[in-house]
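Since the structure is predicted, the reported quantities are computational estimates derived from the model, not experimental observations.
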Amino acid sequence: MAAAATMLSIQGDWDQVLREAEGEVWVSCKIPGKPTIRGSLTSKGISSDEVPEVTASEEFVVQEVTKNRIPVSCPGENISCTFLSPYASFSHIHEKNVSYLDISSGGDLGVSSSTDQTFKVWETHNTEVKSVLEGHTRDVFSCKFFPSGQEVLSGGLDSLVKVWSVNDGSCLATMKGHRGSILDIAVVADGQNVISSGQDGTARLWDSAQGACIAVVDDSYSPINAIAVAEVGNAVNLGSPKETPSNREVGTEGKLVVLAREDKSLEGVSLHSRQSVFDFEGSDAFNCCTFISSVGVLAGGLDGNIIHVDIRNPKSAVETVSWSETPVLSLVPFRDTYVASYGNGTCYIPLKGSEQVLQLTGPNRQPVFQVAAWKKLVYTCCRDGFIRKYEIPDLG
């Protein structure tokens, strides 16, 4: 079990409040096993370039402030954090909470789903809806672009996996076979094959054009909450198939699929041979997982822990971090680090080679369900119905 880290927090709408004369926001430093240090930041005016001039209560120090970035430290606890507000926020795409989103490989399109029963593709530069994807009978839990950016893969509560045309919103294929909700999906290579995982404890490999199941990659009793697939080459022994693979199986060689399960297990399975490569037991149910390198896997748990596993030596975690006691909901690689979102509305980007983090602000203690990244931009979707767009500075 990881020890909880000392963390700084700030009022979610600090960037708006501090633009007002004498505007005041709360700030706090939570220290495990000690009373929380509470203080405030106050605006003393706005400079000619519209940057607030901020002073801090005695326990805290504010460094150079910009329009959407404010570095705060608590010298007594030797901790500092930079808070970053959204570059843009928009709530008109969906009417209720936004449960999932993804950004195309070219960065020009977004796709998102909501509990208002809508599922849409939109343009990132102006958020205009390009197409509405209609065909799932219940909530869509996961949606991802194919590498081409011309098709979208989805799965949801109706137990169906679907492929969609971005241009006209038509459904190109429907895959049936799961006996419960689809919890996650992944595209293999160029998308001729895709993977889905479900409440029924299975992970399935599909021919995305024909909508046919090629193989059940894994079948266990525990729901598979998340999957991640990556090329690992010769880093580990992936084994050989016991039977000749179907000619519909494309691009599975050299790939490992990681399964994050409800039963606290994180398993790596060879996508081509279907053989188990490693099995790691965590401290609680795993909600999400991602590759951060060809040999490094991150997995986020219900207990707030993020574990880093090296697939070459998976018996023990390389590192376990805990910035929150609320569930980790999303993990996404970003530059040479990653973005993590939590059930309490916080999003952290750890600075490589440092104990400091960049914290994305905006949600007011509302869960951030999913994060997507493209170049310098990070997008988040939240239970408050907002999709937020952040422009991340150089993480020096």
Side-chain angles (χ1 to χ4, degrees), residues 102-107 109 111 142-155 160-166 171-178 182-198 202-219 224 226-260 266-278 288-298 311-312 331-333 372-374:
D102 191 29
I103 302 298
S104 66
S105 58
L109 295 175
V111 62
S142 185
C143 50
K144 294 177 182 177
F145 281 100
F146 281 70
S148 66
Q150 298 303 306
E151 293 88 29
V152 166
L153 182 68
S154 65
L160 301 178
V161 179
K162 288 179 175 286
V163 179
W164 307 84
S165 167
V166 164
C171 182
L172 304 176
T174 298
M175 289 154 263
K176 301 178 181 179
H178 281 280
I182 310 299
L183 300 179
D184 203 6
I185 50 176
V187 177
V188 180
D190 64 359
Q192 293 183 65
N193 289 172
V194 298
I195 313 170
S196 60
S197 68
T202 67
R204 296 170 181 263
L205 181 69
W206 305 88
D207 178 329
S208 62
Q210 297 186 16
C213 185
I214 297 171
V216 176
V217 177
D218 187 77
D219 189 354
I224 304 172
I227 54 178
V229 62
E231 176 84 39
V232 298
N234 298 320
V236 292
N237 182 8
L238 296 176
S240 300
K242 293 181 180 179
E243 300 177 358
T244 303
S246 165
N247 57 12
R248 294 179 299 165
E249 188 171 327
V250 180
T252 60
E253 297 92 338
K255 291 185 174 62
L256 185 74
V257 57
V258 174
L259 314 172
L266 185 74
E267 184 177 10
V269 176
S270 168
L271 190 54
H272 193 54
S273 73
R274 327 284 194 243
Q275 295 176 20
S276 180
V277 174
F278 73 85
C288 51
C289 61
T290 189
F291 279 88
I292 53 170
S293 70
S294 61
V295 296
V297 173
L298 295 180
I311 64 173
R312 298 165 300 182
L331 289 166
V332 174
W374 184 78

Compare every heavy atom of [Y] with every heavy atom of [X], then report the nearest pair and how far apart it is.
X: Val152; Y: Val111; value: CG1-CG2, 4.1 Å
X: Ser154; Y: Trp164; value: OG-NE1, 2.8 Å
X: Gly149; Y: Ser104; value: CA-CB, 4.4 Å
X: Ser197; Y: Ile224; value: OG-O, 3.1 Å
X: Gly191; Y: Phe146; value: O-CE2, 3.2 Å
X: Ala226; Y: Cys288; value: CB-CA, 3.6 Å

Between [atom1] on residue [X] and [atom2] on residue [Y], distance to nearest 0.5 Å:
X: Thr290; Y: Leu331; atom1: OG1; atom2: CG; result: 7.0 Å
X: His178; Y: Ser196; atom1: NE2; atom2: OG; result: 2.5 Å
X: Ile185; Y: Leu183; atom1: CD1; atom2: CG; result: 11.0 Å
X: Phe145; Y: Leu153; atom1: CZ; atom2: CG; result: 11.5 Å
X: Leu160; Y: Lys162; atom1: CG; atom2: NZ; result: 5.5 Å
X: Arg204; Y: Ile227; atom1: CZ; atom2: CD1; result: 12.5 Å

For this session: Sequence neighbours left out, what passes salt bridge (charged side-chain N to carboxylate O under 4.0 Å, His left out) with Glu151? Give chain and number order.
Result: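 None.
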Is a side-chain N or O of [X] found less than 3.5 angstrom from the main chain of [Y], in a donor-acceptor match?
X: Ser208; Y: Val194; result: no
X: Ser105; Y: Pro147; result: yes
X: Gln150; Y: Val166; result: no
X: Ser270; Y: Leu238; result: yes
X: Asp184; Y: Ala186; result: no
X: Asn193; Y: Val188; result: no

Exercise. Which of these passes side-chain contact (heavy atoms from CB on, under 4.5 Å) with His272: Thr252, Val257, Leu256?
Worked result: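 Among Thr252, Val257, Leu256, the one meeting side-chain contact (heavy atoms from CB on, under 4.5 Å) with His272 is Thr252.
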Problem set entry | Residue pairs, two or more places apart or on separate chains, that pass salt bridge (Lys or Arg N to Asp or Glu O under 4.0 Å) and touch residues 230-250 |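 Listed by first then second residue: Glu231-Lys255, Glu249-Arg274.
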For this session: Indicate yes or no: at least one non-hydrogen side-chain atom of Ile311 is less than 4.5 angstrom from one of Val258.
Result: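 A side-chain contact under 4.5 Å is absent here.
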